[in-house]
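Taking it in order: structure first as structure tokens, then the write-up.
When reading the values below, keep in mind they use all heavy atoms of this one structure, side chains included, and skip hydrogens, waters and symmetry mates. Order of the sequence lines fixes the chain letters, A, B, ..., with proteins taken first and strands second; residue numbering starts at 1 for each chain.
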Protein chains: 2
Amino acid sequence: MQKASIGPKSGSQPAVRADRKGGRTVSRQVLADHVYEELLASLMDGRLEPGAAVSIDGTARELDVSPTPVREALARLEHTGMVRRVALKGYRVAPVFTREDFAELMEARLAIEPVNARLACARLTPERFAELEQAVEDLKSAPRGPSFAEYKDYLEADERFHQLIAQQTGNQFMVSAYAALGGQVQRFRLFGGVGITDAEYAIAEHQSVLDALAAGHPEQAEAAMADHVQKVRARAMADAPAD
Amino acid sequence: MQKASIGPKSGSQPAVRADRKGGRTVSRQVLADHVYEELLASLMDGRLEPGAAVSIDGTARELDVSPTPVREALARLEHTGMVRRVALKGYRVAPVFTREDFAELMEARLAIEPVNARLACARLTPERFAELEQAVEDLKSAPRGPSFAEYKDYLEADERFHQLIAQQTGNQFMVSAYAALGGQVQRFRLFGGVGITDAEYAIAEHQSVLDALAAGHPEQAEAAMADHVQKVRARAMADAPAD
DNA sequence: CCGAGGACGCCCCTATAGGATTTGACCATG
DNA sequence: CATGGTCAAATCCTATAGGGGCGTCCTCGG
């Protein structure tokens, strides 16, 4: 192994590296975690396209690690639905969504996200509310060019908003239920062809949710979120190529 | 390695075994899958108690495999919430539920399962309905002794009923959303102290859901399921030791 | 044109080494 | 005698290296 990188002298570098951030040891990183995050980032920003093979050995070479941590990272990743595994054949990036997949995804979001909004309303703290406001601000100010790279920030803020609400429920199960969907939603935003036309309306809808939360009206927040998800679905079903 | 089991002569047995079931090759099993299922079974039927350490090396020795497939199995298992991992410290079986955890779990079920019942109603096929009926029958006929082992079948049928409804939605995301909760629910049934007193009422509630499905009334099915989950919560919160 | 054969790549798993942490015994001290 | 501290062994996590088996692709000869 050992490509042209900082080569340990004999393949026995310390198994663990104390990653430091801001001069303080954050939490000792394990190689598999690093691989996981690297793969996740590639998945989420479109570097790894749907259907592409994710070779264990290849990834290991690329990241200059042995296959074992890559296997572990992929095993975790599989559970998110972003990669699929076929025994003895390896991993592939999950295929693009069909219209049916998308409809199912939105149906699931519709079951979960309005409830999240309602629950979040009851437990909202000022700090968390500020974070939500920030996310909406970022949505408004993010550049929205025609290429993916140009509105990556927009997508990121969108995802962040929904994630924050899930976290705000204070319910670990709702958080992970949303997390399971959120990754897919984000991937769909990238590859499913959600147009930028989405943005103008979506911002207003996010604002409505935020307003309801600010006013402390759980039912209204729930309704606003349901409305948002339904409209996202309607817009996407209209825009998306009839596959 | 190599304990006193059917010993391959030099540590190079075929990496793959074509598992046969009913005379036909089902799908070639990978060792990691076997380990996964073994661990899952231990977790679900109470052999592995909450808080217990799940050593990689130890499990490997016990199942007579090398650590690598165990690592992979545990990595997948972690995402189910049944085991927790601390970097460089290893895996432990997730701790017992607190009252708060339980409340959160039921809140999440309340968000997801009634929706499942409603969706399932629309897409119910006769075969699947028969399976649901069977599950309720099994609930009624399962022995309900005082020890865990004696009403294991009861718990299994209970879990099966809810799982079938999730599958019946035809929505992959709802299936996995429920799956994420189902494992925890099952574990709580084992360790959380859901009494057998639960059974008499629960059977009637399941029957109500089934009736609504049979009648083809989605809203009624949704309401019946919501009612069931709420009552399960109420009974458990009353029974469970105030921890 | 086509089929056989070999080379390559990949998955899966074993064996094993290194570093860290815990355990337990043993000894010195109050 | 009890107690605390220290050092060594055991245990565990983490990661690497390597090998077996299988599929695939490319080439080369008919």
Check the side chains of B/Q168 and B/N116 for a donor-acceptor pair under 3.5 angstrom, ignoring hydrogens and angles. no
Checking all strands, does B/T68 fall into the base, sugar-phosphate, or nothing category for heavy-atom contacts under 4.0 angstrom? base
Can you tell me how far C1' of D/dT14 sits from OH of B/Y91, to the nearest Å? 11 Å
Can you confirm whether B/T125 sits close enough to B/F129 that some side-chain heavy atom of one is under 4.5 Å from a side-chain heavy atom of the other? no
Quick check for you: to the nearest 0.5 Å, what is the distance between A/L139 atom CG and A/L155 atom CG? 9.5 Å
Go through the steps for A/R85 and B/D33 under the test salt bridge (Lys or Arg N to Asp or Glu O under 4.0 Å), then give the verdict. CA-CA 12 Å; A/R85 162 176 164 276; B/D33 293 341; 3.1 Å; yes
Would you kindly give the CZ-to-C1' distance between B/R84 and D/dC13, to the nearest whole Å? 20 Å
What integer distance in Å separates B/R85:CZ from D/dT14:C1'? 10 Å
Rounded to whole angstrom units, what separation is found between the CG atom of B/D64 and the C1' atom of C/dC13? 13 Å
Which of the following nucleotides, C/dC12, D/dT14, D/dA15, is nearest to the side chain of B/I56? D/dT14
How about A/L74 and A/V35: do any of their side-chain heavy atoms sit closer than 4.5 Å? no
Worked check of salt bridge (Lys or Arg N to Asp or Glu O under 4.0 Å) between A/R187 and A/D45: CA-CA 8 Å; A/R187 260 171 51 82; A/D45 71 4; over 6 Å; no
Candidates C/dC11, C/dT14, D/dT24 - which lies nearest the side chain of A/D57: C/dC11
Examine C/dC11: is either OP1 or OP2 under 4.0 Å from a nitrogen or oxygen in the side chain of A/S55? Give yes or no. yes
Would you mind reporting whether B/Q134 and B/D138 have side-chain heavy atoms less than 4.5 Å apart? yes
A/K89 NZ to D/dG23 P: how many Å, rounded? 8 Å
Which residues pass the side chain to side chain donor-acceptor pair (under 3.5 Å) test with A/R71, sequence neighbours left out? B/E72
Under 3.5 Å, is there a donor-acceptor pair between the A/Q186 and A/D158 side chains? no
If the cut-off is 4.0 Å, is A/R92 near the phosphate of C/dC11, judged by side-chain N/O to OP1 or OP2? no
Give the nucleotide from the list C/dC13, D/dT14, C/dC11 with an atom nearest to the side chain of B/L88. D/dT14
A/A32 near the nucleic acid: base, sugar-phosphate alone, or nothing, with a heavy-atom cut-off under 4.0 Å? sugar-phosphate
Taking only heavy atoms on the protein side, list every residue of residues 69-81 of chain B lying under 4.0 Å from any atom of DNA chain C, sorted numerically. B/P69
Angle by which the axis turns from one end of the helix from C/dC1-D/dG30 to C/dG30-D/dC1 to the other, five pairs per end, to 10 degrees: 10°
